[in-house]
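See structure below.
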Amino acid sequence: MTRVAGCLFCAIVAGEAPAAVVLDEPDFVAFLDIRPVFKGHVLLVPREHVETLPDLPAALRDPVLEVTQRLSQAVKDALGAQGSFVAINNTVSQSVPHLHVHVVPRTKGDGLRGFFWPRTKYADEAELADYATRLAGAVTSTG
């Protein structure tokens, strides 16, 4: 498994950096974004260090979409979202140079317009853990 020193997401995958993990599978890990657009905003990363979508190995292309589908359903089931916004930044606006898929819970009238991503915060670690637990339960039950 390729890993890059100094990569925050590689450290999370290795269990060396803290994260509110909602999915832990052989090829992927998903965890809550610490600066979410909306609470329940999930980041899905491949365990293998891959910087951008064009770098993703062919063997992981279908699996990344399958897991993204499950996470999209989980934000609806666990959080009562009406839908989700799914995005991948490549280089530009990619705060961590490790491929990650954003799965953001959405509801009609939530205020998200275009690509202006307002950010919110979890009230505390307990609320962060609660969102992670709810999503983890939903994502494992939809697979």
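Remember, predicted model here, so these are calculated numbers, not experimental data.
For the pair K76 and S84, the minimum side-chain heavy-atom distance is 4.5 Å or more. No side-chain heavy atom of D130 sits less than 4.5 Å from a side-chain heavy atom of Y122. Put simply, the side chain of V103 does not reach to within 4.5 Å of the side chain of F85, judged on heavy atoms. Within the 4.5 Å cutoff, the side chain of V64 has no heavy atoms near those of the P46 side chain. At a threshold of 4.5 Å between non-hydrogen side-chain atoms, the residues V96 and L43 do not count as touching. Contact check for L112 versus V37: side-chain heavy atoms found under the 4.5 Å cut-off. Looking only at side-chain heavy atoms (C-beta outward), V101 and V86 come within less than 4.5 Å of each other.
Ring to ring, F9 and F31 are close: their centroids are under 6.0 angstrom apart. Taking the six-membered ring where the residue is Trp, the centroids of H100 and H102 are separated by under 6.0 Å.
In the displayed structure, I34 atom CD1 is contacted under 6.0 Å by at most 12 heavy atoms of other residues, nucleotides or ligands.
One finds no salt bridge joining K121 and E127 here, because no Lys/Arg side-chain nitrogen approaches an Asp/Glu carboxylate oxygen to under 4.0 Å.
A donor-acceptor pair under 3.5 Å links the side-chain atoms of Q94 to the main chain of E51, judged by distance alone. Under the 3.5 Å distance criterion, the side-chain polar atoms of R47 are left unmatched by any main-chain donor or acceptor of D24.
For the atom pair CZ (R70) and CD (Q73), the distance works out to 11.5 Å, reported to the nearest 0.5 Å. To the nearest 0.5 Å, atoms CD (E48) and CG (L56) are separated by 8.5 Å. Remark: K39 NZ to R134 CZ distance equals 10.0 Å, nearest 0.5 Å. Note that CG of N90 is 5.5 Å distant from CG of L53, once rounded to the nearest 0.5 Å. Rounding to the nearest 0.5 Å places CD of E25 at 9.0 Å from CG of L44. I88 contributes atom CD1, which lies 14.0 Å from atom OG of S93 (distance to the nearest 0.5 angstrom).
Shortest non-hydrogen contact noted between L71 and A30 is CD1-CB, 3.9 Å. For P105 against D110, the heavy-atom pair with the smallest separation is O-OD2, 4.4 Å. The heavy-atom pair separating G40 from Y131 by the smallest distance is N-CD2, 3.5 Å. Across every non-hydrogen atom of G83 and V75, the tightest pair is O-CG2, 4.1 Å. Closest approach of L32 and A132 over heavy atoms only: CD1-N, 3.5 Å. Closest non-hydrogen pair, L128 versus A20, comes out as CG-CB, 3.9 Å.
Annotation: side chain to side chain donor-acceptor pair (under 3.5 Å) contacts of R3 (sequence neighbours excluded): E16. Annotation: side chain to side chain donor-acceptor pair (under 3.5 Å) contacts of T52 (sequence neighbours excluded): D55.
At a threshold of 4.5 Å between side-chain heavy atoms, the hydrophobic network of Ile, Leu, Val, Met, Phe, Trp and Tyr places V45 and V104 in two separate groups. V42 and L23 fall within the same hydrophobic cluster, where Ile, Leu, Val, Met, Phe, Trp and Tyr residues are linked whenever their side-chain heavy atoms come under 4.5 Å apart, directly or through other members. V139 and L79 fall within a single hydrophobic cluster, where Ile, Leu, Val, Met, Phe, Trp and Tyr are joined by side-chain heavy atoms under 4.5 Å apart, directly or via other members. One hydrophobic cluster, built from ILVMFWY side chains closer than 4.5 Å, holds both V50 and F28.
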